[in-house]
Amino acid sequence: MGFLPGPNLPCHADDQSQYSNLGSNSSSFNSSLSSQSSLLSIPSLTPSTQQIEHPAPACHHLSTLKGHYSYIFSLALTGKHLYSGSSNGEIRVWSRDPSSSAPKNPLSNTVAEGYSAVKSILILGDKLFSAHQDHKIRVWKIDHITPHQKYKCIATLPTVNDRCMRLFSAKNYIQVRRHKKCTWIHHVDTIAALALSRDSSLLYSVSWDRTFKVWKTSNFDCLESMWNAHDDAINAIVVSNDAHVYTGSADKKIKVWKKNEGEKKHSLLATLEKHKSAVNALALTIDGSILYSGAASNGSIIVWEKDGSDGRHMTVAGALKGHNKAILCLTVVSDFLCSGSADKTVRIWRREIGKSHSLLAVFEGHKGPVKCLAAAVDNNHTRDTTGSGTSYLIYSGSLDFDVRVWQIWVPPF
């Protein structure tokens, strides 16, 4: 491993780079020609390498975290730890420091197990929220003293108390299938993603049942359910600091929601329509001025810019083109976007002055699609004794059962 000599050259994992081109003809992830042609009108925001004058970054594959025996669907960082959730219902905890030794017992870092696939993980203080394929959200009490002990499940959402409160009133029931009704606080299909409000008082969940719901993090009550928020499964949600809610769906649309002061429910502000296939992933810049969206075909990431302060108007700034299969996950750290794809790679993009973005690195080594990402500033390492530049740690979870840890050092510019 070593330096990245140019912004478009890959950083290979030593032991797996030979697999980077396998499966390129997989029918389940083939990009449709119609989607490719439909995005030709969106300009690329990535200039050619000749136009990039910044010093080249350096990247390394630091380690591979092994122990899962099924697909890895979710990652979350908190404090000194990384959490991973898999398709067999396991949640594992790892040291986020890649120099730490791996658990000697492959089961010793399993903190929860026995439930359905873990689609999303969020950490709030001493609580871990996990969203599952069995339509439920579970809340776990984190043991900070002995972090590798099994965590206690302290609540399952909707809670028993919440269900009982809604049980006897007909107005609380909705038709979910032809001959089936349930209370509006229930999800009735896979919960795909979770998000927190800025003050962490609210938890948002989206589901393949086409709804998004709002929960109180203090007592876990369901406050609101937006039924039929989309025309198909909802796959992604992000919430801005000014409380705009963005949802991405298999109906190819992104919707913008906001609960105005004095109102009880969120209202639809805008519908963003540029994708020609299911929207799989969303990410917001820290200031909320830019929204990134990735879809199930084409491999391009659409960049949306906020036009005005109310969030009602989002305009397409352009597209980031590099992946050649579906975008499955996105995450933002500082001024960088990390993207994971069915093409088994992770790409790192930097937002430059103006609208342009540069492709800093391509991480190759996973043997399966990259399903989830987490990223943070690496405070333990700098490029040299002067401390110039910034080091970042990128964690990628894949359908190959592995979590890989990457480091990228970016010089100042």
Closest approach of [X] and [Y], non-hydrogen atoms and distance?
X    : Y    : value
C222 : D162 : N-OD2, 2.8 Å
S249 : H230 : CB-ND1, 3.2 Å
I72  : F401 : CD1-O, 3.2 Å

Would you mind checking if [Y] and [X] are paired as a salt bridge, meaning a charged N to carboxylate O distance below 4.0 Å?
X    : Y    : result
K213 : D209 : no
R350 : E352 : yes
D400 : K344 : no
R351 : D335 : yes
D126 : K141 : yes
D402 : K66  : yes

* Taking atom types as modelled and ignoring hydrogens, do the side chains of H244 and D242 form a donor-acceptor contact shorter than 3.5 angstrom? ->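 Checked: H244/D242 side chains pair up, N/O donor to acceptor below 3.5 Å.
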* With distance as the sole criterion, is a donor-acceptor pair present between the side chains of S391 and Q407 under 3.5 Å? ->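 Yes.
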* Within a reach of under 6.0 Å around NZ of K252, are more than 12 heavy atoms found that belong to other residues, nucleotides or ligands? ->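 Not more than 12 within 6.0 Å, no.
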* Count the heavy atoms of every other residue, nucleotide or ligand shown that sit under 6.0 Å from OH of Y392, and state whether that count exceeds 12. =>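 Correct, the count exceeds 12.
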* Using modelled atom types only, decide if a donor and an acceptor are shared between the side chain of T183 and the backbone of Y173 within a distance under 3.5 Å. =>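 Checking the backbone N and O of Y173 against the side chain of T183, no donor-acceptor pair under 3.5 Å is found.
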* To do: Without swapping roles, check the side chain of S207 against the backbone of T190 for a donor-acceptor pair under 3.5 Å.
  =>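 Side chain of S207 to backbone of T190: a pair is present.
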* Who passes ring-ring contact (aromatic ring centres under 6.0 Å, His included) against F129, sequence neighbours left out? ->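 F129 satisfies ring-ring contact (aromatic ring centres under 6.0 Å, His included) with no other residue.
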* Can you check whether F212 and W257 have ring centres sitting under 6.0 Å from each other? ->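 That pair passes the under 6.0 Å test.
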* Using the side chain to side chain contact (heavy atoms under 4.5 Å, CB included) rule, pick out the option among V214, N241, L202 that qualifies with S197. =>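 So the option named by the test is L202.
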* Asked: Passes side chain to side chain contact (heavy atoms under 4.5 Å, CB included), D378 versus W409? Steps please.
  -> CA-CA 9 Å; D378 179 13; W409 174 82; over 6 Å; no
* To do: Take C182 and V188 through the side chain to side chain contact (heavy atoms under 4.5 Å, CB included) test and state the conclusion after the steps.
  => CA-CA 9 Å; C182 74; V188 294; 3.5 Å; yes
* Chi angles and distances behind the side chain to side chain contact (heavy atoms under 4.5 Å, CB included) call for R96, L77 -> CA-CA 8 Å; R96 64 184 289 178; L77 285 169; 4.1 Å; yes
